[in-house]
Amino acid sequence: FKDCTALEAVKLPLSLKSVGRSAFENCINLTHIDLPVGIQDIDNDCFSGCIHLEEIIIPDSVIEIGSSAFSGCEKLSGISLPDSVKEIGRSAFQDCSTLHSISLPIGIGLIPDGCFAGCTNLVETIIPSSVTEIGMRSFEGCSKLSSVLLPDGVKIIGLECFKDCLSLVEIYIPDSVIKIGKDVFNNCSSLRSVTLPVRMKNSVEQLFTGDCHPETINYTGSDNYILE
């Protein structure tokens, strides 16, 4: 159904187990779709460019969401991912500019590169305690993101992860982090309060770059980590 620009709604059969690569890509007038219970995989670019898709319910049988699966779904305002989801691909929700909230599944280990980049209306996100890695530019350009709770257990935060998060006011980086990318808070112009592991003290200038000048930096914990 790729590029079926007149398609407005779809109801898929109950027997379906997977929605393939680019299946509904650029169906620009698709507003609603029912995914049947039993479906396990939503493949790469599946709904990419569905700019009028307003609602989609992910059943609790889904295990994997592919790269760019919902990228550019500009009208998608909220989505709840069931705990059955174990893997999310790169840029899965990139440029979902109306998305204001998302519930991430408990048990997921990785938030991949660019996952929520350009989600300009995303206000807050709670990252599950199971997450150990947050990829490069995962939240880049989330200009209304004011609150992020990083759980103890996160080990890796990628390059430019929170770049251009203009509304981010405070951040706590847990002592579990052993690797962090440069420019991770580039141009976070509202960032005022930061808590870091003490071992990052000598790398502050490489983390808070551009128009990012926190007023208060507190230090905790021990001193083994890698700056990438």
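These numbers come from a predicted model, not from an experiment. For the numbers below, each heavy atom of this structure counts, side chains included, while hydrogens, waters and symmetry mates do not.
- Hydrophobic clustering keeps F70 apart from I28 (ILVMFWY residues linked when any side-chain heavy atoms are closer than 4.5 Å, directly or through intermediates).
- Taking CD1 of I134 as the reference point, atom SG of C115 lies at 10.5 Å (rounded to 0.5 Å).
- Side-chain heavy atoms closer than 4.5 Å link hydrophobic residues (I, L, V, M, F, W, Y) into clusters, and following such links, possibly through other members, connects V204 to I171.
- Heavy atoms of other residues, nucleotides or ligands lying less than 6.0 angstrom from CD1 of I126 number 12 at most.
- Scanning both residues, L145 and T125, for their nearest heavy atoms gives CD1-N, 4.1 Å.
- Distance alone, capped at 3.5 Å, is enough to place a donor-acceptor pair between the S190 side chain and the L166 backbone.
- A continuous path of ILVMFWY side-chain contacts below 4.5 Å connects M200 to Y219, so both sit in one hydrophobic cluster.
- Side chain of S130 to backbone of I108: a donor-acceptor contact under 3.5 angstrom is found.
- For I178 against R199, the heavy-atom pair with the smallest separation is N-NH2, 4.4 Å.
- Closest approach of S129 and P151 over heavy atoms only: CA-CB, 3.8 Å.
- At distances below 3.5 Å, not a single donor-acceptor pair connects side-chain atoms of S67 with backbone N or O atoms of G89.
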*Worked check of salt bridge (charged side-chain N to carboxylate O under 4.0 Å, His left out) between R192 and E215*: CA-CA 5 Å; R192 294 293 175 263; E215 296 173 356; 3.4 Å; yes
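- Side chains of N186 and T209: a donor on one and an acceptor on the other come within 3.5 Å.
- The distance from atom CG of L81 to atom CG of D60, rounded to the nearest 0.5 Å, is 12.5 Å.
- Counted within 6.0 Å of CD1 on I217, heavy atoms from surrounding residues, nucleotides or ligands total more than 12; the atom is thus considered enclosed.
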*asked:* L150 vs V148, test: side chain to side chain contact (heavy atoms under 4.5 Å, CB included). Steps then yes/no.
replied: CA-CA 6 Å; L150 299 178; V148 179; 3.8 Å; yes
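- Rounded to the nearest 0.5 angstrom, K75 NZ and I51 CD1 are separated by 7.5 Å.
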*asked:* The test is side chain to side chain contact (heavy atoms under 4.5 Å, CB included); show your working for I42 and I58 and say whether it passes.
replied: CA-CA 10 Å; I42 300 172; I58 309 293; 3.9 Å; yes
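- Note on I157 and V198: same hydrophobic cluster, where clusters join Ile, Leu, Val, Met, Phe, Trp and Tyr whose side-chain heavy atoms are under 4.5 Å apart, directly or indirectly.
- Ionic pairing of R137 and E160 is present here: one or more N-O contacts between side-chain nitrogen and carboxylate oxygen are shorter than 4.0 angstrom.
- Two residues are said to be in side-chain contact when any heavy atoms from C-beta on lie closer than 4.5 Å; V19 and D43 fail this criterion.
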*Determine, stepwise, if the pair S48 / S71 fulfils side-chain hydrogen bond (donor to acceptor under 3.5 Å, both in side chains).*
CA-CA 5 Å; S48 177; S71 66; 3.0 Å; yes
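- Ion pairing between D34 and K11 fails under the 4.0 Å rule for side-chain N and carboxylate O.
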_Worked verdict on S138 versus F116 for side chain to side chain contact (heavy atoms under 4.5 Å, CB included)_ = CA-CA 5 Å; S138 293; F116 300 105; 5.6 Å; no
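- Hydrophobic clustering of Ile, Leu, Val, Met, Phe, Trp and Tyr side chains at less than 4.5 Å, counting indirect connections, keeps V37 apart from I57.
- For the pairing with F47, the ring pair (Phe, Tyr, Trp, His ring centres under 6.0 Å) check across F1, F24, F93 returns one residue only, F24.
- With a 4.5 Å cut-off on side-chain heavy atoms, F139 and L168 do not count as touching.
- Across every non-hydrogen atom of P36 and L12, the tightest pair is CD-CB, 3.8 Å.
- A donor-acceptor contact shorter than 3.5 Å links the side chain of D113 to the backbone of M136.
- In this structure, CD1 in I56 is found 7.5 Å from SG in C46, a value given to the nearest 0.5 Å.
- Heavy-atom minimum distance, P59 versus S84: O-OG, 4.1 Å.
- Side-chain N or O atoms of S167 include one that pairs as donor or acceptor with a backbone N or O of S143 at under 3.5 Å.
- Looking only at distances, no side-chain donor or acceptor of N26 sits under 3.5 Å from a matching main-chain atom of K2.
- The side-chain heavy atoms of L104 and I111, taken from C-beta on, include a pair separated by under 4.5 Å.
- How far CD of E133 is from NZ of K179: 8.0 Å, rounded to the nearest 0.5 Å.
- Using a distance-only test at 3.5 Å, with no hydrogens or angles considered, no donor-acceptor pair links the side chain of S103 to the main chain of S80.
- Looking only at distances, a side-chain donor or acceptor of N29 sits under 3.5 Å from a matching main-chain atom of T5.
- Under the 3.5 Å distance criterion, with hydrogens and angles disregarded, no donor-acceptor pair is assigned to the side chains of S77 and T98.
- Atom CD1 of I65 is separated from atom CD1 of I88 by 5.5 Å, given to the nearest 0.5 angstrom.
- Between the N187 side chain and the D211 main chain, a donor and an acceptor come within less than 3.5 Å of each other.
- The number of heavy atoms from other shown groups lying within 6.0 Å of NZ (K144) does not exceed 12.
- Considering every non-hydrogen atom in both L191 and C212, the closest pair reads CD2-SG, 4.0 Å.
- The backbone N or O of E8 lies less than 3.5 Å from a partner atom in the side chain of T31, making a donor-acceptor pair.
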_F162 vs L207, side chain to side chain contact (heavy atoms under 4.5 Å, CB included): CA-CA, chis, key distance, verdict_ = CA-CA 10 Å; F162 297 101; L207 303 178; over 6 Å; no
